[in-house]
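Here the structure is laid out as structure tokens; the discussion comes afterwards.
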Amino acid sequence: MKSKASAPGKVILFGEHFVVYGIKSILCAINKRITVTAEKIDEEKICIKSEMYDVVLEPNKSISEIDFKLRPFYYLSNKIIQNQNTGIKIEIESEIPLGVGLGSSSACCVASAAAILGLFSETSKERVLELAIEAEKTIFQNTSGADCTVCTYGGIMEYDKKNKFKKIESEPNFHLVIANSNIKHSTELVVAGVKRFGEENRDEFSKLCNNESKLIEDALKFLKENNIKGLGEIVIQNQKYLETIGVSNDKLREMIQVGQKFSFGAKITGAGGGGCIFALTDESNLKQTIKEFKDKNYECFSVKIDFRGLILF
Ligand code: MEV
């Protein structure tokens, strides 16, 4: 018997990093997915297969003994097969570039939790999300939970650590052009850098958190009004705050300049330090923005909002 699930990647439109400190963020799921197929096997082993891995592991090992990138898959498999007298094989297929701030890890956690749970019982999105966040914590202890939440429910949402998520019902007609710096980053290390910045610059950081909070309220208003130009100004302002907390670098700044030439605004999405930026466009400037990135030899693609979230096949 096989069980299959897929979950979308995500873009943080506004509020990355600040969300770790309780500020509201705005995220949207994107139409690039990770699909996980789980299967029970007779031998009591955990087999994990993807483009990068093909490994067979013994169950009941301490998570610290497991290769870092495999931890979420191992954690979920090992937890769910406890007392089931079975092994498990999972296979991962991805349309999302890995480790570049587009939610590949959270989509893996969500799709794996759903596929593995699906082998044993009916499940709910709430249960899948709960397990997915536990799994994500094996690679990033301080996760705000925002990424797994949007990968589970899809669409656009507000998210903060205390009130969790609230769907934004409007369907703004923007396109995001994503450009990849191809610099791999560790979310955990970049988040630790921001923590240091906050501790060393308490007043400035507290002001930045307040400003980010106001900016999010404006963004919510513009999203409701489908005011893409207004949103673009917020994108530019949010990028300035990300620069201040130290998560940008020369390559990302260069890419943002390229993205900003024709779009309404461009910013880092996700942890920064590498990874991706997005440029906010609509039909009027989408093609020009893509052309500008391509002319300057940047890898880029456009995405739309995914409204489906987690799918169980
Ligand atoms: C990473 O995609 C987003 C961060 O805000 C961390 C988090 O929310 O857990 C940097």
Side-chain angles (χ1 to χ4, degrees), residues 7-30 32 34 68-69 71-72 94 96-110 129-130 132-154 156-166 176 178-181 183-199 205 208-209 211-213 215-216 219 235 238-239 241-249 252 267-278 303 306:
K10 67 87 193 41
V11 161
I12 300 190
L13 293 172
F14 305 103
E16 51 274 272
H17 288 290
F18 297 99
V19 67
V20 175
Y21 299 88
I23 305 300
K24 202 185 277 179
S25 57
I26 304 178
L27 299 93
C28 78
I30 57 173
K32 299 254 174 229
I34 284 192
F68 192 74
K69 292 209 170 89
R71 284 182 189 176
S94 177
I96 310 171
L98 304 180
V100 291
L102 297 178
S104 58
S105 327
S106 7
C108 278
C109 291
V110 170
L129 177 59
E130 188 183 11
I133 292 177
E134 276 178 32
E136 193 180 37
K137 286 187 174 171
T138 63
I139 48 170
F140 175 31
Q141 182 59 39
N142 290 326
T143 177
S144 66
D147 293 6
C148 282
T149 305
V150 78
C151 295
T152 304
Y153 292 101
I156 315 192
M157 63 177 59
E158 311 174 16
Y159 180 91
D160 71 70
K161 271 166 97 168
K162 185 158 163 250
N163 301 302
K164 305 297 172 200
F165 77 99
K166 183 167 155 207
L176 301 175
I178 311 271
N180 189 349
S181 70
I183 304 174
K184 290 251 187 298
H185 62 181
S186 149
T187 300
E188 188 158 36
L189 288 183
V190 187
V191 168
V194 174
K195 184 165 180 254
R196 248 187 336 270
F197 174 89
E199 284 164 359
F205 192 61
L208 278 168
C209 286
N211 289 344
E212 180 75 21
S213 214
L215 174 148
I216 299 283
V235 167
N238 199 157
Q239 176 57 26
Y241 299 158
L242 292 172
E243 290 284 346
T244 310
I245 61 174
V247 302
S248 193
N249 59 38
L252 293 171
K267 71 177 266 295
I268 288 167
T269 182
C276 289
I277 66 147
F278 74 77
V303 294
D306 165 282

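For ligands, and for the atoms within them, numbers begin at 1 and follow the listed sequence.
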Point to revise | Ser25 side chain to Tyr159 backbone, donor-acceptor under 3.5 Å | key: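 It does hold such a pair.
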Check your understanding: Are the side chain of Lys267 and the backbone N or O of Leu13 linked by a donor-acceptor pair below 3.5 Å?
Key -> yes
Review point. Can you tell me if NZ on Lys164 sees more than 12 non-hydrogen neighbours from other groups inside 6.0 Å?
Key: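 More than 12 heavy atoms, drawn from other residues, nucleotides or ligands, come within 6.0 Å of this atom.
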Point to revise | Exceeds 12 heavy-atom contacts within 6.0 angstrom, atom NZ of Lys161 | key: yes
Review point. Roughly how far, to the nearest 0.5 Å, is OG1 of Thr152 from CD of Glu130?
Key: 11.5 Å
Point to revise | Distance-only donor-acceptor check, side chains Asn142 and Glu188, under 3.5 Å | key: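 There is no such pair (donor and acceptor under 3.5 Å, judged by atom type) between the side chains of Asn142 and Glu188.
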If you look at each N/O of ligand 1, which protein N/O atoms lie under 3.5 Å away, and at what distance?
unit_1	atom_1	unit_2	atom_2	d
ligand 1	2 (O)	Lys10	NZ	3.3
ligand 1	2 (O)	Asp147	OD2	2.8
ligand 1	5 (O)	His17	N	2.9
ligand 1	8 (O)	Ser144	OG	2.7
ligand 1	9 (O)	Ser144	N	2.9
ligand 1	9 (O)	Ser144	OG	3.3

